[in-house]
Chemist: 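Sharing a structure with you now.
We count ligands from 1, going down the list as the structure has it; atoms in each ligand are counted the same way. The first residue of the sequence shown is numbered 1, and numbering continues consecutively from there.
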Amino acid sequence: MLLPHVLLTPGPLTTSLATRTAMLKDWGSWDGDFNALTASVCADLLAIANGQATHCCIPLQGSGTFAVEAAIGTLVPKQGKLLVLANGAYGERMANIAKVMGRELSVLCWADGVPVDVAAVAAALQADAAITHVGVIHCETATGLLNPLAQIAAVVAAAGRELIVDAMSSFGALDIDLATMPICAVIAASGKCLEGVPGMGFVIAKKSAIENASGNSASLALDLADQYAYLQRTGQWRFTPPTHVVAALRAAIDQYQLEGGRAVRLARYQANANALIDALSRAGLQLFLAPELQAPIILTFHAPAHADYRFITFYNAMRERGFVLYPGKLTAVETFRVGCIGAIDAATLQQAAHAIVDVLIELGWL
Ligand SMILES: *Cc1c(COP(=O)(O)O)cnc(C)c1O
């Protein structure tokens with residue numbers, strides 16, 4: 001393969017040359033320069049969420065799930081109880097994490113493609129005084145659905161509970177304003193809307209919550225309170241940091257700021273999504289979600305209703321043309337997903353849409 005593939009997958013995703021080039025230097029983890037790099041990245045991440053006055057940013061080695069597990073295990077005390085609001089695979093994963101970590105758990109479920117119902121959340125909190133924390137997925141990547149974060153945050157705060165948000169696939173693009181939304185912790189990672197490479201998660205947590213969380217974690221490596229205390233004391237990560245990933249994220253954030261920040265990035269993703277939706281719906285392919293629930297992050301389309309349809313055949317044919325798609329993540333219906341995020345623009349998505357239509361016609365499925 002001479003040309004790189006365009007990854008239409010929401011992490012790992014297509015990164016810019018500048019971001020990849022930033023990984024050409026080796027960094028010593030004890031070096032003052034690397035500590036400064038970590039500090040600048042964390043400061044910028046905190047600022048993106050407008051959390052400087054109240055929150056802190058704690059970086060963590062690993063993929064996004066490591067950060068979710070660390071946040072639940074550190075912020076929900078051993079005697080606490082987590083209510084998970086689940087309308088897709090990532091909500092279910094959060095519930096599973098709480099179960100594996102031995103936290104008391106309650107789950108409110110909605111079908112794929114149905115947003116969290118805020119009144120039901122209020123009722124569940126009213127009915128169970130043991131619930132201390134609520135967990136929700138901002139953009140449910142399994143479908144691409146956007147949950148009503150501001151309303152959820154308001155209801156949870158009104159009930160006097162703490163909210164933990166998996167904002168993995170929304171952070172940096174969709175609105176998360178910690179100065180106006182009462183949120184205990186926001187979890188995200190390097191390799192999604194910030195367009196870095198994968199390998200680093202981070203949790204933006206209320207300082208008061210993290211300072212009261214020492215001793216909660218049953219894991220050493222995933223103890224965010226300890227990671228934060230060590231970082232405060234030494235400027236260093238506790239264990240070997242993903243140095244090249246941090247350097248790439250620094251470069252990616254520089255480009256993010258140059259591009260114009262969150263609003264401009266969101267507008268680019270929206271243009272990407274629109275280009276794909278327009279072209280594919282003209283060809284008769286249907287979006288799984290109602291348009292008003294669709295975040296411009298990842299799109300789920302119904303597979304063509306042909307008896308011979310196989311995702312893997314479709315995937316391989318698309319890969320030959322230079323595009324990497326994502327399988328559907330729904331059990332009840334046959335779907336495929338196309339990511340709109342990464343260092344790509346609407347022209348790339350138009351080309352991808354043409355390739356999708358060509359391939360499906362060639363295979364006799366459209
Ligand atoms: C990507 C993602 C994660 C983390 O997945 P990893 O494979 O561990 O990086 C968690 N939640 C959501 C909503 C995601 O999109």
Chemist: Using the side chain to side chain donor-acceptor pair (under 3.5 Å) criterion, which residues pair with D223? Sequence neighbours excluded.
Modeler: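 By the side chain to side chain donor-acceptor pair (under 3.5 Å) rule, D223 matches no residue at all.
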Chemist: Which residue pairs satisfy the salt bridge (charged side-chain N to carboxylate O under 4.0 Å, His left out) criterion with at least one member in residues 167-176, sequence neighbours excluded?
Modeler: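 Of all non-adjacent pairs touching residues 167-176, those that pass salt bridge (charged side-chain N to carboxylate O under 4.0 Å, His left out) are D175-R262.
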Chemist: Going by the rule side-chain contact (heavy atoms from CB on, under 4.5 Å), which residues pair with H354 if we only count those two or more places apart in sequence or in a different chain?
Modeler: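 Testing H354 for side-chain contact (heavy atoms from CB on, under 4.5 Å), a comparison that skips the adjacent residues, returns none.
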Chemist: State plainly whether the residues D278 and R282 are in salt-bridge range, i.e. N to O under 4.0 Å.
Modeler: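 Between R282 and D278 there is no salt bridge, as every charged N stays at least 4.0 Å from the carboxylate O atoms.
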Chemist: Can K329 be said to sit on top of Y90's aromatic six-ring, NZ or CZ under 6.0 Å from centre and within 45° of the ring axis?
Modeler: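 Geometry flag: set, cation within 6.0 Å and 45°.
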Chemist: Using a threshold of 4.0 angstrom between heavy atoms of the protein and any atom of ligand 1, which residues qualify?
Modeler: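 Residues within 4.0 Å of ligand 1: S63, G64, T65, Y90, R93, I137, C139, T141, D166, M168, S169, K192.
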Chemist: Tell me whether the count of non-hydrogen atoms from other residues, nucleotides or ligands lying under 6.0 Å of CD in Q126 goes above 12.
Modeler: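 Open.
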